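The first residue of the sequence shown is numbered 1, and numbering continues consecutively from there. This structure is a prediction, so every number in the text was calculated from the model and none was measured.
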Amino acid sequence: MAIEKGQAVVERKVGNQGVGSKLTSVRIHKHQFLSKRICFMFEQVVPVNKERHAGKKVRMSNDFGFASKFHIAYITLHEFARAASIYPVMFLEDQANDQFRPVVLMGLDAGENLFIDAQGQWSASYIPAIIRRYPFALTKAPEADRYIVCVDEGSDLLSDTEGAPMFDEQGNPTQVIENVKRYLGELQQMDQMTHEFSKFLVQNNLLTPLNMRVNAADQVRNITGCYVINEERLNNFSDQKFQEVRQKGYLPAIYAHLISLSQIERLAALKKPAVPSQDLSAAQAPSSEQLQ
């Protein structure tokens, strides 16, 4: 893919970086959220079928504790406008699939989502669709252009006693499954449009590495590993090329992305200094979790 790999960076400094501030480096890695098939919030994904899930029910819940360790989330092109009012929107390189994918940054440290409180409640007005779809997902079938609806059997939202049934007494999918199929189908279409958008940015050399310095929780963090649209290159487009961008409907997403970068200030404000513990026993220490 034709993408700039040189030393050029876009540097943005946020907050007062006073004398004595500690400098740390935060690199946004693609493998922390992107995968070949599904995101790592899923633990035990299996295809939905009436034999296996005849007695299963899906609970409706506002508890997003399962996403409390996600500091980035993939979004589609259609989410840019709403997401940009809350989160910084950036691009990560997915080398496995030879493409770039847009994500929102929800935390400054890996394993920390600043928008979920101790009760699992999401504090922002917009939640990325990839998280709202949980515990369901689409996986590509061996046959071309066919996808299979899957569910995470390890999710607490799946129950034998509580919630709406997935299948009726005759073994037919209920409205729950029909709604899931429609929702996931729409997301898949949006995903394809997002892929075309990212492909256009790469083909026109609009993506450039971002080096962002953030002063948060008494530390200066240097965030790297992600890409942003180079506004100067966009402004240097010919009238014909700019007209192409407009006709493809990409301008709202591009400007939403550029405006969203100031949302890093929101993350810096939400980030709290770590409280030192005088006596951290083995029972109190956080356990390592398998993410994929």
Side-chain angles (χ1 to χ4, degrees), residues 9-18 20-35 39-43 63-75 83-94 100-128 130-131 134 209-228 257 260-278 280-282 284-292:
V9 297
V10 176
E11 184 171 295
R12 293 173 178 263
K13 297 180 180 179
V14 179
N16 297 320
Q17 298 161 19
S21 295
K22 184 179 179 181
L23 178 63
T24 60
S25 180
V26 180
R27 182 171 180 82
I28 309 300
H29 294 283
K30 59 181 178 297
H31 67 265
Q32 290 169 330
F33 201 85
L34 303 178
S35 68
C39 58
F40 57 60
M41 72 177 73
F42 296 89
E43 298 177 2
D63 186 349
F64 290 93
F66 66 88
S68 63
K69 302 297 184 182
F70 307 152
H71 69 297
I72 54 178
Y74 167 67
I75 62 170
S85 66
I86 303 170
Y87 316 99
V89 178
M90 305 177 184
F91 294 84
L92 292 184
E93 185 177 10
D94 183 4
F100 283 76
R101 306 189 71 177
V103 299
V104 290
L105 187 61
M106 303 180 297
L108 296 176
D109 291 316
E112 179 184 52
N113 187 335
L114 295 173
F115 294 91
I116 297 181
D117 61 24
Q119 289 72 43
Q121 300 297 299
W122 201 288
S123 61
S125 60
Y126 183 74
I127 303 171
I130 196 171
I131 293 176
Y134 187 78
L210 173 67
N211 187 0
M212 181 180 290
R213 282 196 167 187
V214 181
N215 186 10
D218 300 327
Q219 287 186 335
V220 178
R221 288 170 165 80
N222 187 26
I223 301 177
T224 61
C226 50
Y227 293 77
V228 296
H257 153 69
S260 79
L261 297 180
S262 64
Q263 297 296 345
I264 194 68
E265 298 177 11
R266 183 194 297 264
L267 299 185
L270 290 173
K271 180 68 177 175
K272 305 298 183 183
V275 178
S277 176
Q278 295 180 350
L280 184 64
S281 66
Q284 295 173 311
S287 61
S288 59
E289 298 181 357
Q290 183 177 357
L291 297 180
Q292 190 155 339

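Here Y126 pairs with nothing under the ring pair (Phe, Tyr, Trp, His ring centres under 6.0 Å) rule; sequence neighbours left out. For Q121, the side chain to side chain donor-acceptor pair (under 3.5 Å) criterion is met by no residue, not counting sequence neighbours. Applying the side chain to side chain contact (heavy atoms under 4.5 Å, CB included) criterion to L270, with sequence neighbours excluded, gives L114, F115, R266.
Relative orientation of the F100 and Y227 rings is perpendicular, given thresholds of 30° and 60° on the angle between their planes. Classification of the F66-F70 ring pair by plane angle, with boundaries at 30° and 60°, yields perpendicular.
When every heavy atom of A67 is checked against every heavy atom of N113, the shortest pair comes out as O-ND2, 3.2 Å. The two atoms that bring I130 and A73 nearest to each other are CG2-CB, 4.2 Å, heavy atoms only. For the pair P128 and V104, the tightest heavy-atom approach, listed with the atom from each and the gap, is CG-CG2, 4.0 Å.
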Subject >> CA sep, side-chain torsions, deciding dist, call: I131, M106, side-chain contact (heavy atoms from CB on, under 4.5 Å) >> reply: CA-CA 12 Å; I131 293 176; M106 303 180 297; 4.2 Å; yes
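A heavy-atom distance below 4.5 Å is found between the side chains of Y74 and P102.
Residue pairs meeting the salt bridge (Lys or Arg N to Asp or Glu O under 4.0 Å) criterion with at least one member in residues 116-126: none, sequence neighbours excluded.
A donor-acceptor pair under 3.5 Å links the side-chain atoms of Q263 to the main chain of S85, judged by distance alone.
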